[in-house]
A.B. asks: 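This is the structure I have questions about; it appears just below.
Each chain gets a letter, A, B and so on, in the order its sequence line appears, and its residues count up from 1.
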Protein chains: 2
Amino acid sequence: MSQTRMTKQRMVILEELRKVDTHPTADEIYAMVRSRIPRISLGTVYRNLDLLAESGEILRLEAAGTQKRFDGNTMHHQHVRCIRCGRVGDVMHPLDVPQPERAAAKGFTILTARVEFEGICDHCTAHS
Amino acid sequence: MSQTRMTKQRMVILEELRKVDTHPTADEIYAMVRSRIPRISLGTVYRNLDLLAESGEILRLEAAGTQKRFDGNTMHHQHVRCIRCGRVGDVMHPLDVPQPERAAAKGFTILTARVEFEGICDHCTAHS
DNA sequence: CTTGTTGCAAACTCTTTGCACTTAG
DNA sequence: CTAAGTGCAAAGAGTTTGCAACAAG
């Protein structure tokens with residue numbers, strides 16, 4: 001079994017990330033951490049973010065895959081994404097979902113739901 | 001004002017996308033379209049998917065930006081994303097959101113919500 | 001005709017990885 | 001000690017873009 005060592009790098013990445021509520025990207029974290037460990041590499045930041053996310057110490061938003069997906073159906077409906085392979089399906093009646101037994105999404109076993117709101121931040125409202 | 005021309009390429013991309021409900025990625029669409037227009041380029045596929053999504057003829061899933069974001073707060077909470085700049089904020093009491101006036105997400109004006117379910121598709125269940 | 005669109009290839013952005021060296025435990 | 005982790009640089013994956021030729025309206 002592979003152990004996990006609390007290196008200075010991992011420690012600082014975790015500390016810096018916990019200081020803010022801005023949901024920074026990897027390169028933003030890289031910049032934050034570099035003020036304390038100037039010679040840290042971006043690769044190390046990525047590796048540690050992975051490890052920290054796997055161990056549940058931090059969250060990675062948009063768990064969704066790296067590729068964008070398109071849908072020819074523009075009717076209002078929601079999606080299910082397979083956490084293993086990334087395959088995406090449609091959910092037609094979201095309100096039926098709470099009871100996992102009634103498969104609202106055919107072909108998928110739903111485990112959790114994430115709600116993502118979209119809007120405009122005050123900063124952008126001000127500068128429009 | 002720039003016009004928009006219905007080229008054979010754009011037509012076929014739209015037709016192929018409407019044939020399926022698999023939410024294909026750009027390169028999957030590229031493969032589908034190439035069976036009908038062998039010399040089409042991947043760049044053309046990307047350009048047309050952009051145009052079609054902008055005109056509302058198709059949907060682009062995960063409107064979210066291209067970079068992954070991380071969160072040091074592992075408590076259960078949801079996110080708001082600015083559709084203009086990509087900035088992400090926290091939503092603490094999702095149930096308050098329906099009334100836009102009560103700003104559940106400070107610093108953001110919420111426009112819409114997307115629910116994304118996560119689960120495991122039958123294909124992956126079978127092969128585990 | 002005029003200007004939007006295409007194919008191609010090069011450029012870009014973000015993320016991952018191989019390797020020799022370093023270091024936590 | 002020794003295996004996990006690091007820095008660096010190169011490689012990958014996915015997407016975007018400049019440009020000359022092409023074609024829709």
A.B. asks: Would you please say whether a donor-acceptor pair under 3.5 Å links the side chains of A/R10 and A/T44?
C.D. replies: no
A.B. asks: Could you tell me the separation between the CD atom of A/Q3 and the C1' atom of D/dC1, rounded to a whole number of Å?
C.D. replies: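 Distance, rounded to whole Å: 15 Å.
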A.B. asks: Hey, are the side chains of B/E57 and B/L14 touching, using non-hydrogen atoms and a 4.5 Å cut-off?
C.D. replies: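 Yes - at least one pair of side-chain heavy atoms lies under 4.5 Å apart.
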A.B. asks: For a 4.5 angstrom cut-off between non-hydrogen side-chain atoms, does A/S55 reach A/T4?
C.D. replies: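 SC-SC contact between A/S55 and A/T4 ruled out.
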A.B. asks: Please give, in whole Å, the distance from D/dA13 P to B/D27 CG?
C.D. replies: 11 Å
A.B. asks: Which value, rounded to the nearest 0.5 Å, describes the distance between A/I29 atom CD1 and A/R34 atom CZ?
C.D. replies: 13.5 Å
A.B. asks: With the sugar-phosphate defined as primed atoms, P, OP1 and OP2, and the base as all remaining atoms, what B/S/- string results for nucleotides 16-25 of chain D, 5' to 3', for protein heavy atoms under 4.0 Å?
C.D. replies: BBB----BBS
A.B. asks: Give the rounded distance in Å between these two atoms: CE of B/M11 and P of C/dT6.
C.D. replies: 13 Å
A.B. asks: Quick check on A/K19: does its NZ atom have over 12 non-hydrogen neighbours (other residues, nucleotides or ligands) under 6.0 Å away?
C.D. replies: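 Atom NZ in A/K19 is packed in, count exceeds 12.
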A.B. asks: Please determine if a side-chain N or O atom of A/Q9 lies less than 4.0 Å away from the OP1 or OP2 oxygen of D/dG7.
C.D. replies: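 Yes, within the criterion.
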A.B. asks: If you apply the rule side chain to side chain contact (heavy atoms under 4.5 Å, CB included), what do you find for A/V45 with A/Q9, and how did you get there?
C.D. replies: CA-CA 8 Å; A/V45 172; A/Q9 287 83 343; over 6 Å; no
A.B. asks: Report yes if the side chains of A/L52 and A/R60 come closer than 4.5 Å at any heavy-atom pair, otherwise no.
C.D. replies: no
A.B. asks: Expressed as a whole number of angstroms, how long is the span from A/R39:CZ to C/dT23:P?
C.D. replies: 12 Å
A.B. asks: Below 4.5 Å, heavy atoms only, C-beta onward: do A/L17 and B/F70 meet side chain to side chain?
C.D. replies: yes
A.B. asks: Measure OH/A/Y30 against C1'/D/dC8 and give the value in whole Å, please.
C.D. replies: 10 Å
A.B. asks: On DNA chain C, nearest-nucleotide positions of B/S41 versus B/F70: which is more 5'?
C.D. replies: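 Looking at DNA chain C, the more 5' nearest nucleotide goes with B/S41.
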A.B. asks: Estimate the overall bend of the helix from C/dC1-D/dG25 to C/dG25-D/dC1 from the end axes over five pairs each, rounded to 10 degrees.
C.D. replies: 40°
A.B. asks: Using whole Å, what does the distance between atom P of nucleotide D/dT6 and atom CG of A/L49 come to?
C.D. replies: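 Value for this atom pair: 11 Å.
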A.B. asks: Return yes if some donor-acceptor pair links the side-chain N/O of A/E16 with the main-chain N/O of A/I13 below 3.5 Å, else return no.
C.D. replies: no
A.B. asks: Nearest to the side chain of A/I37 - D/dG7, D/dG5, C/dG7?
C.D. replies: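 Comparing D/dG7, D/dG5, C/dG7 against the side chain of A/I37, the answer is D/dG7.
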